[in-house]
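Quantities reported herein were computed from a predicted structural model and do not represent experimental measurements. Throughout, a chain's letter reflects where its sequence line sits, starting with A, and its residues are numbered from 1.
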Number of protein chains: 2
Amino acid sequence: MTRDVTFVVFGATGHLARTKLLPALADVVMNESVQRHALVGIGSQERTDEDFARIVHDSLADAGIDASYRDRFFSGRIIYRSVSDAASFETVATDVDTLEREGGLSGNRVLYLAVPPSRLDPTVEGIRTSGLGSGRGWNRLVVEKPFGVDLESAIASNHEIHRAFAEHDVFRIDHFLAKETVRNLLVFRFANSLFEQVWNRRHVASIEITVAESAGVDGRAAYYDESGAVRDMLQNHLAQILTLIAMEPPVEMSAEAIRSEKVKVLQSARPISHDDAVLGRYTRGAIDGIQVPGYLATEHVPADSTTPTFAAVRVHIDNWRWQGVPFYLRTGKGLTRRLTEVVVRFHKPPVCLFHTEGDCQGHQNVLRLRLQPDEGFELLIGVKRPGDDTEIGQIPLSVSYDEILDGAPTAYETLLADILQGDQTLFVRSDEVEASWKLFAPLLNRSDIYSYAVGTDGPFSANDLVTTDPGVWSAL
Amino acid sequence: MTRDVTFVVFGATGHLARTKLLPALADVVMNESVQRHALVGIGSQERTDEDFARIVHDSLADAGIDASYRDRFFSGRIIYRSVSDAASFETVATDVDTLEREGGLSGNRVLYLAVPPSRLDPTVEGIRTSGLGSGRGWNRLVVEKPFGVDLESAIASNHEIHRAFAEHDVFRIDHFLAKETVRNLLVFRFANSLFEQVWNRRHVASIEITVAESAGVDGRAAYYDESGAVRDMLQNHLAQILTLIAMEPPVEMSAEAIRSEKVKVLQSARPISHDDAVLGRYTRGAIDGIQVPGYLATEHVPADSTTPTFAAVRVHIDNWRWQGVPFYLRTGKGLTRRLTEVVVRFHKPPVCLFHTEGDCQGHQNVLRLRLQPDEGFELLIGVKRPGDDTEIGQIPLSVSYDEILDGAPTAYETLLADILQGDQTLFVRSDEVEASWKLFAPLLNRSDIYSYAVGTDGPFSANDLVTTDPGVWSAL
């Protein structure tokens, strides 16, 4: 299959582009057998094409990209343009047209916006008015997360985008969706009838979703203070995992069918009451023996900041499958360890048959889906302890998934390959992003923020949310 | 608690007594804190008390019984008597009375019958008429398996036994029931709601029960040719595992409640038709590189023997829980390896969502309960293979149970302890043994016996029984 493409990357010299995007572009050009390509780097600063080429070269080298892949990538034209006003967008549009005609490219464009939310609407407007988004082939807009800073801004951005692009050409990124372990969630659910049969309120007592980071905000404090746990993690990563865990089986494994089921989960969520959420901010403590300053004492963080670094929420999905089953979502920085996992707790047996000295020996089956690190599965079961009495012990059936992940594509390689193929399955649809903001944006106004020390599991008050067994969050 | 007991063991110098029973008696005297005890060995041969004491001593030493346990066991009186006719039974009864009075024993008697089925009824009659079964304390009759050789003989033996003993004093042994992994089956089922919820015809496609032995009949041919796979294994061990796997939850974990549910399984079984069973007999082959003669060429086996060394049966349990779910039972000698396991196959998903080039990628969850060796659990699940296509691979969640079995009591220690405590849970009730014979005895008349070579998985025709996925037995 002959295929050619022009990558137009906004924010092309930023951190994300250098560490993730540019290396993934080189890989995907090779692995997807792109016959011809060009790269147009765009930023606000003035740079020469040569400056940019050097940035690209260093990025690929730092990422350990194979030399043959690097050479192949540099066989395409690589240019850089800065944009500031409408006129500069028009210059870029003209230059890209020229570049495509000279290079024999058919005008398929990936317009990749690695820019902060505040730059999103002006950039989209510039693309529209300049005609940059009207290449002769297909034109696909890629938008990095976070998409918007609240419900109103997300609606406004969607409106701006839809003036120039049909939804089927818009690719909103949440790179969590491209992690192999997250992609496996739907396979796990719908290829294993054993679990899908019990994946509902009759059998499940509660579900816990954790995205914990041990690191603080060092070096990213200026960005982070504008964002916080709700915008940075809860509204996107945790919301997405929630939808994949809770959604109904799709009609088929197509982007529209899957996303239509995912959005229904968010639409079924009960508005989050005050008692359903606990926010936190870390105070000084130690990670791996190294002292970390408290959040408010961090450089670039205003002393009167009300940005939470931790959020724990109890979500109720009021549909036929999940009514009455609490979903406990938790995320934060400066926690005990880095861990992303889903914990499904099943109901205890309805009748207690095993007793020791009159006490019921209840046992709860617990399924752990570990998404990172130590990817794998664990299912706790009760077994008889050897001996004359019937005492119940607990042992874990487990399997590591990380071995078979060796050599798997990175999240960005997967996302770029899907963009080239026009597959939107792993991207967030406009109604999804709005439903997620609708659910979580009310947390943005909260000023009641509990303290927790760096290196702990978060504020103790978060346990108040856990109204089901065992009455506390799983230890990190 | 002060407790004293007189063990009266018939067949006291036989293979079972020397290798299993006598060592377990020494252990149980110690571990159950029996304050005073005596041992009366009974056989058909004439021996002195000293001869028997030496046999006991050697048995305990061979079994590696701790010296302090041995000394403690020899602190009780140990005598030997031979029986042949009614008069000799009366002599024994008188001697045991005397021994108990002199030793300050209160007349609690365990009458342990380690005798072949043909000696069962005469021995029970001798016990009854002599008054040996009427000690001043409690009198408990223990009968080794096999109990009877067919339905008629089992009914007759139960009748004879009930002339002298109430059912609550009768302990029919199937030592499989005392294995920790078999005892765990009820805990696994009723302490884990995850599995019990899917343990029925809506979710289970088939269940396979295998008790495979790699050894041939060497040294036991004379016994075995009278017995065969149906009497030796199917009617007792496999039938018992079947009842534990298929039974309804008991009202409580009491002997009567559990056994009442177990017998219902056998009573619900559809009579086994000709097409539901395949019998086999091994021909020469190799086990671990050592040549083994064919069964018919084995010393003490008649050339016209029709004894099967292999039996495979498809059992249908026609009740609300299991109607339509085949239970595949298989046992044999000279097979690929020694293995006792239960394999539960769940239905595939009702809808196929994952395809590769148009082909459905179905996946079946399979749960393996390994009872011996390598005791443990394995659950096969489908997961996404890493990469851009959604291909489903299979990985096993597993856990080894054998580590926590270290130091567990042996089956005979468990059984003897329960006999002393009067706990009949692990013993086969009269109606159970009769229901099991009623189900399996018709196989005794079959003369269509397929050949299979030693070191294989049994006759190939056994696969004809497997009408559900995957259409063949699990490889051994």
request  = With a 4.5 angstrom heavy-atom cut-off, could you sort out which part of A:Glu252 is near chain B: side chain, backbone, both or neither?
outcome  =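 Only the backbone of A:Glu252 comes within 4.5 Å of chain B.
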inquiry  = At a 4.5 Å cut-off on heavy atoms, which part of A:Val383 comes close to chain B: side chain, backbone, both, or neither?
reply    =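 Interface part for A:Val383: both.
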Chain B: which of [options] shares the most heavy-atom pairs with it under 4.5 Å?
| options | value |
| --- | --- |
| A:Pro350, A:Pro409, A:Pro396, A:Gly376 | A:Pro396 |
| A:Arg385, A:Gln421, A:His363 | A:His363 |
| A:Asp418, A:Ile381, A:Leu367, A:Asn31 | A:Ile381 |
| A:Pro349, A:Ser398, A:Gly393 | A:Ser398 |
| A:Leu379, A:Thr181, A:Asp406 | A:Leu379 |
| A:Phe354, A:Phe346, A:Phe188 | A:Phe354 |

query = At a heavy-atom separation under 4.5 Å, does B:Val204 approach chain A through its side chain, its backbone, both, or neither?
reply =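 B:Val204 has no heavy atom closer than 4.5 Å to chain A.
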Interface moiety of B:Ala191 toward chain A, non-hydrogen atoms closer than 4.5 Å =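 Contact with chain A is through both the backbone and side chain of B:Ala191.
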inquiry  = Quick check for you: to the nearest 0.5 Å, what is the distance between B:Gln197 atom CD and A:His347 atom NE2?
reply    =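 Between atom CD of B:Gln197 and atom NE2 of A:His347 there are 8.5 Å.
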query = Could you give the distance from CG (B:Leu185) to NZ (A:Lys384), rounded to the nearest 0.5 Å?
reply =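 Taking CG in B:Leu185 and NZ in A:Lys384, the distance rounds to 11.5 Å.
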Shortest non-hydrogen contact between A:Val187 and B:Ile392, atoms and distance =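 Looks like CG1-CG1, 4.0 Å.
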query = Looking at side-chain heavy atoms only, is the closest gap between B:Val351 and A:Phe190 below 4.5 Å?
reply =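 No, every pair of side-chain atoms sits at 4.5 Å or beyond.
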inquiry  = Just so I know, are the side chains of A:Leu405 and B:Pro386 near enough to count as touching, which here means a heavy-atom distance under 4.5 Å?
reply    =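 Yes, close enough: below the 4.5 Å cut-off.
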message = Heavy-atom pairs under 4.5 Å with chain A - which of B:Val399, B:Asn184, B:Asn192 has more of them than the others?
response =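 The candidate making the most pairs under 4.5 Å is B:Asn192.
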